[in-house]
Amino acid sequence: MGVSVARIRVLVVDDHRIFAESLAAALAAEPDVDVSAAGSGPAALRCLDRSVAESRRYDVMLVDADLGTVPGPGAGAVGQLAVAKAVPDHPEGFVDGISLVAGVRSAQPAVRTVVLAEKDDPHRAALALQAGASGWVAKDCSLQRLLAVIRGVLRDETHLPPALLTGVLRELTAARKHRTESEQLVESLTPREREVLRCMVAGLGRKAVAERLFLSPHTVRTHMQNVLGKLGVHSTLAAVALARRAGVGPAEPAGQPLAGDVVERGGQLA
């Protein structure tokens, strides 16, 4: 009787169908790899949700850096988290490949993600690492190189092209500085102003915030003006972007208590 080989379950996510299917076919030729392909963010999210329901979770997700989609009604629970965890550079809630990584990292932390990119970009590679990616790989790399990265991230390795390393470290250092400054500004808010800010991050308008916090719309307007003033910004959009840099999460759904401490200092790189 032969010894069974542990198989690696891989999900390829790319909206260029020919590329996704070709890569999936090449990976499937490996004796220890099971692979599926998804042509959009919502399709990937449905695959991930289904894998949980069937107790056949994916080990690695390969994501196109230029994937562009907004999860629709059928995206599932992970899709909603992807929106909530969108990276700070996309405060309007746009979900690209990198912010998809952030949502999956939050919902299924055991899944290792590798971003596939057309070109080297230290800024976006740093964003990917901050979002929870374990690697950044050029799309024109060899199949053997990609397989080495897949196996490496399953050993908790982080993979970057050597040419990107210096630039990525510089970006992460700058991001850490900006996050520290943002945290200090958020900490200057009163507890009530922090609650209002979390509602703003959740996308609630003035009327919805008033109903959520049992305040008058006029009081909410005053709190919002105070939040913008203390954060040194001139729009709700800018306040939300700064809040996300500081690690401020959205308010929980109605019916759940608002947490007292809104600044999350968990184990991201910046």
With a 4.0 Å cut-off, would you call [X] and [Y] a salt bridge?
{"X": "Arg124", "Y": "Asp66", "answer": "yes"}
{"X": "Arg7", "Y": "Asp34", "answer": "yes"}
{"X": "Arg198", "Y": "Glu195", "answer": "no"}
{"X": "Asp156", "Y": "Arg112", "answer": "yes"}

Output, in order, the C-alpha distance, side-chain angles, deciding distance and verdict of side-chain contact (heavy atoms from CB on, under 4.5 Å) for Glu183 and Val186. CA-CA 5 Å; Glu183 287 176 346; Val186 169; 5.7 Å; no

Let me see the working for Asp32 and Arg151 under salt bridge (charged side-chain N to carboxylate O under 4.0 Å, His left out), right down to the final yes or no. CA-CA 11 Å; Asp32 62 340; Arg151 294 189 169 99; 2.8 Å; yes

Candidate list Leu62, Leu160, Val114, test side chain to side chain contact (heavy atoms under 4.5 Å, CB included), partner Val137, passing option: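 Considering Leu62, Leu160, Val114, a side chain to side chain contact (heavy atoms under 4.5 Å, CB included) with Val137 is found only for Val114.
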
Applying the side chain to side chain contact (heavy atoms under 4.5 Å, CB included) test to Met224, which of Leu228, Val227, Val220, Asn226 qualifies?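 For Met224, the side chain to side chain contact (heavy atoms under 4.5 Å, CB included) check succeeds only for Val220.
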
Looking only at heavy atoms, what is the nearest atom pair of [X] and [Y], with distance?
{"X": "His159", "Y": "Gly152", "value": "NE2-CA, 3.8 Å"}
{"X": "Val101", "Y": "Ala133", "value": "CG1-N, 3.6 Å"}
{"X": "Gln108", "Y": "Ser51", "value": "OE1-OG, 4.4 Å"}
{"X": "Val201", "Y": "Ala243", "value": "CG2-CB, 3.7 Å"}
{"X": "Trp136", "Y": "Ala125", "value": "CE3-CA, 3.5 Å"}
{"X": "Val153", "Y": "Ser134", "value": "CG1-CB, 3.6 Å"}

Please say yes or no: joined through hydrophobic side-chain contacts below 4.5 Å, possibly via intermediate residues, are [X] and [Y] part of one cluster?
{"X": "Val209", "Y": "Leu242", "value": "yes"}
{"X": "Phe19", "Y": "Val115", "value": "no"}
{"X": "Leu204", "Y": "Val233", "value": "yes"}
{"X": "Val149", "Y": "Leu129", "value": "no"}
{"X": "Val35", "Y": "Ile150", "value": "yes"}

Once rounded to the nearest 0.5 Å, what's the spacing between atom NZ of Lys139 and atom NZ of Lys119? 12.5 Å

To the nearest 0.5 Å, what is the distance between CD1 (Ile98) and OG1 (Thr113)?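 Between Ile98 CD1 and Thr113 OG1, I get 10.5 Å after rounding to 0.5 Å.
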
Would Asp15 and Ser40 count as a side-chain contact (heavy atoms from CB on, under 4.5 Å) if you check the C-alpha gap in whole Å, the side-chain angles of each, and the deciding distance to 0.1 Å? CA-CA 5 Å; Asp15 48 13; Ser40 69; 5.6 Å; no

Are any of the side-chain heavy atoms of [X] and [Y] separated by less than 4.5 Å?
{"X": "Pro161", "Y": "Asp120", "value": "yes"}
{"X": "Asp59", "Y": "Val10", "value": "no"}
{"X": "Leu48", "Y": "Met61", "value": "yes"}
{"X": "Leu23", "Y": "Asp14", "value": "no"}
{"X": "Val60", "Y": "Leu154", "value": "yes"}
{"X": "Leu197", "Y": "Leu189", "value": "yes"}
{"X": "Leu116", "Y": "Asp64", "value": "no"}
{"X": "Val104", "Y": "Val63", "value": "no"}

Does the Glu187 side chain pair with the main chain of Gln184, one donor and one acceptor, at a distance under 3.5 Å?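 Answer holds: no.
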
Donor-acceptor under 3.5 Å (Ser188 side chain, Leu185 main chain):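 Side chain of Ser188 to backbone of Leu185: a pair is present.
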
Taking atom CZ of Arg17 as the centre, does the number of heavy atoms from other residues, nucleotides or ligands within less than 6.0 Å exceed 12? no

Show the numbers, then the answer: is there a side-chain contact (heavy atoms from CB on, under 4.5 Å) between Leu215 and Arg192? CA-CA 11 Å; Leu215 300 172; Arg192 177 62 83 185; 4.1 Å; yes

Indicate whether any N or O donor in one side chain lies under 3.5 Å from an N or O acceptor in the other, for His223 and Gln225. no

Testing the 3.5 Å rule here: is there a donor-acceptor pair between the side chains of Ser216 and Thr219?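 Yes, because at least one side-chain N or O of Ser216 sits under 3.5 Å from a partner of the opposite role on Thr219.
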
Under the criterion side-chain contact (heavy atoms from CB on, under 4.5 Å), I'd like the reasoning laid out for Leu213 against Val196: C-alpha separation, chi angles, the key distance, then a yes or no. CA-CA 8 Å; Leu213 301 180; Val196 170; 3.8 Å; yes

